Visitor: 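Right, I'll just put the structure down here and ask away after.
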Amino acid sequence: FRVTALREKLLEENRKVHWQPDWAQKRFDNWLQSLGDWPISRQRYWGIPLPIWVCTCGEVKVIGSVNELPEKAKDLHRPYIDEIVFDCHCGGAMKRIPDVLDVWFDSGLASWASLGYPKNKTLFKKLWPCDFQTEGPDQIRGWWNSQLISSMILFEKSPFKTALFHGFALDAHGSKMSK
């Protein structure tokens with residue numbers, strides 16, 4: 001995603017979020033100011049398979065729904081989804097590319113996907129954007145980042161109104177125990 005093209009809008013939306021403590025907003029601003037473009041695919045086995053099939057002739061097919069698959073998949077994850085092959089117009093076979101989505105991409109969609117959007121717009125209109133989120137400092141580059149970027153691309157506004165930035169519990173040696 002060309003996140004750098006959205007930088008000013010991301011910063012503007014972040015200024016509308018009520019951050020606790022106050023300095024957390026500046027920390028997120030700093031992150032957004034140095035943010036590069038987001039390569040959302042990964043070359044890993046586990047993850048959400050990208051729904052892109054290609055043929056050696058160069059033909060590309062992007063699937064928008066399981067209803068577009070030529071057969072019912074046993075499972076939408078690897079290796080099962082990779083067994084589905086499309087016939088190409090050239091007579092060849094179209095196979096799915098091996099890449100998967102960055103895990104932060106699907107977590108960034110969670111605030112509206114969990115409401116059933118876009119199929120259920122009633123809950124979405126009632127509960128989104130959310131009033132309050134709380135997370136640890138590592139989510140500046142993780143969850144808050146992926147949510148804001150995804151939300152700006154789709155809705156042009158922040159998916160959260162208030163964000164509480166908490167600390168970590170440390171063990172007797174000063175190492176992080178858990179969130």
Side-chain angles (χ1 to χ4, degrees), residues 1-7 9-10 13 31-32 35-136 138-160 163 178-179:
F1 288 143
R2 301 273 325 232
V3 176
T4 51
L6 299 172
R7 181 174 288 127
K9 289 181 179 182
L10 292 166
E13 278 304 298
W31 171 261
L32 294 171
L35 197 59
D37 289 334
W38 185 11
I40 63 163
S41 66
R42 299 289 182 263
Q43 289 73 47
R44 296 193 174 117
Y45 187 83
W46 295 108
I48 297 174
L50 287 174
I52 303 169
W53 276 256
V54 296
C55 181
T56 55
C57 76
E59 185 71 20
V60 176
K61 184 171 186 70
V62 178
I63 303 302
S65 160
V66 294
N67 298 331
E68 297 175 34
L69 294 173
E71 60 189 79
K72 184 172 168 58
K74 186 176 182 181
D75 187 300
L76 294 176
H77 293 91
R78 298 181 80 187
Y80 309 105
I81 194 68
D82 293 335
E83 295 170 359
I84 295 180
V85 176
F86 285 87
D87 294 329
C88 186
H89 67 82
C90 75
M94 299 183 80
K95 297 181 179 181
R96 197 190 71 78
I97 65 170
D99 294 19
V100 297
L101 280 173
D102 177 358
V103 296
W104 288 112
F105 179 75
D106 60 324
S107 73
L109 308 176
S111 71
W112 58 88
S114 64
L115 299 174
Y117 184 87
K119 289 182 181 177
N120 183 346
K121 292 186 175 79
T122 305
L123 270 179
F124 176 79
K125 288 177 183 175
K126 181 178 178 183
L127 300 173
W128 195 92
C130 75
D131 292 324
F132 176 79
Q133 289 184 2
T134 185
E135 264 297 349
D138 55 334
Q139 296 311 318
I140 287 285
R141 63 160 187 76
W143 193 44
W144 282 320
N145 177 61
S146 65
Q147 283 187 92
L148 184 60
I149 293 169
S150 301
S151 182
M152 289 302 296
I153 290 170
L154 290 170
F155 307 112
E156 297 184 354
K157 69 179 190 175
S158 175
F160 45 86
S178 175
K179 292 182 185 178

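Please read all numbers here as calculations on a predicted model, not as lab measurements. Hydrogens, waters and symmetry mates play no part in the numbers below; they use all other heavy atoms, side chains included.
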Visitor: Name every donor-acceptor pair, under 3.5 Å, that has one atom in a side chain of residues 46-58 and the other anywhere in the protein, sequence neighbours excluded.
Guide:
{"unit_1": "W53", "atom_1": "NE1", "unit_2": "I84", "atom_2": "O", "d": "2.9"}

Visitor: Closer than 3.5 angstrom, by distance alone: can the side chain of D37 be matched with the main-chain N or O of V3 as a donor-acceptor pair?
Guide: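 Checked: pair present.
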Visitor: Do S146 side-chain atoms and F105 backbone N/O form a donor-acceptor pair below 3.5 Å?
Guide: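 Not confirmed, S146 side chain does not pair with F105 backbone.
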Visitor: Is there a donor-acceptor pair closer than 3.5 Å between any side-chain N or O of S107 and the backbone N or O of W104?
Guide: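 Side chain of S107 to backbone of W104: a pair is present.
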Visitor: Supply the atom-to-atom distance N145 CG to W31 CH2, rounded to the nearest 0.5 angstrom.
Guide: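 Result: 6.0 Å between the selected atoms.
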Visitor: Only one of Y117, W143, W128 passes side chain to side chain donor-acceptor pair (under 3.5 Å) with S111; say which it is.
Guide: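 Only one of Y117, W143, W128 forms a side chain to side chain donor-acceptor pair (under 3.5 Å) with S111, namely W128.
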Visitor: Any side-chain heavy atom of L76 within less than 4.5 Å of one from L69?
Guide: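 The answer is yes, as the side chains (C-beta and beyond) meet within the 4.5 Å cut-off.
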Visitor: Any chance CG of D82 has more than 12 other-residue heavy atoms, nucleotides or ligands included, within less than 6.0 Å?
Guide: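 Yes.
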Visitor: When you measure from the side chain of R42 to the backbone of V103, do you find a donor-acceptor pair of N or O atoms at a distance under 3.5 Å?
Guide: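 Flag not set: sc R42 to bb V103 has no pair under 3.5 Å.
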Visitor: Taking atom CZ as the centre, does F155 end up with more than 12 heavy-atom neighbours from other residues, nucleotides or ligands that are less than 6.0 angstrom away?
Guide: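 Yes, the 6.0 Å shell around CZ holds more than 12 heavy atoms from other groups.
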Visitor: So, taking the atom named NZ in K119 and the one named OG1 in T122, what distance separates them when rounded to the nearest 0.5 Å?
Guide: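 Rounded to the nearest 0.5 Å, the NZ-OG1 separation comes out at 14.5 Å.
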Visitor: Would you indicate whether E156, at its atom CD, is surrounded by more than 12 heavy atoms from other residues, nucleotides or ligands within a distance under 6.0 Å?
Guide: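 At most 12 heavy atoms, drawn from other residues, nucleotides or ligands, come within 6.0 Å of this atom.
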Visitor: Looking at side-chain heavy atoms only, is the closest gap between Q133 and Q147 below 4.5 Å?
Guide: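 Side-chain contact under 4.5 Å: yes.
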Visitor: Of the non-hydrogen atoms in I153 and L6, which two are nearest, and what is the gap between them?
Guide: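 Answer, listing the atom of I153 first, then L6: CG1-CD1, 3.6 Å.
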Visitor: Please give me the minimum heavy-atom distance between R78 and R44, naming the atom from each residue.
Guide: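 Shortest heavy-atom contact: NH1-O, 3.4 Å.
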Visitor: Starting at CH2 of W112, measure out to NZ of K121 and round the result to the nearest 0.5 Å.
Guide: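 The distance works out to 14.0 Å.
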Visitor: Starting at CE of M94, measure out to NE2 of H89 and round the result to the nearest 0.5 Å.
Guide: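 Here the interatomic distance stands at 7.5 Å.
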Visitor: How far apart are the closest heavy atoms of P129 and K157, and which atoms are they?
Guide: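 So the two residues come closest at CD-NZ, 3.8 Å.
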Visitor: May I ask you to decide if I63's main-chain N or O and E68's side chain share a donor-acceptor pair within less than 3.5 Å?
Guide: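 No.
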Visitor: Could you state the interatomic distance from OG (S41) to CG (L101), rounded to the nearest 0.5 Å?
Guide: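 Output value for this atom pair is 8.0 Å.
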Visitor: Under 30°, 30 to 60°, or over 60°: which ring-plane class applies to F160 and W144, parallel, tilted or perpendicular?
Guide: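 The rings of F160 and W144 sit tilted, inter-plane angle from 30° to 60°.
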Visitor: At what distance, to the nearest 0.5 angstrom, does CD1 of I81 lie from NZ of K74?
Guide: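 Result: 13.0 Å between the selected atoms.
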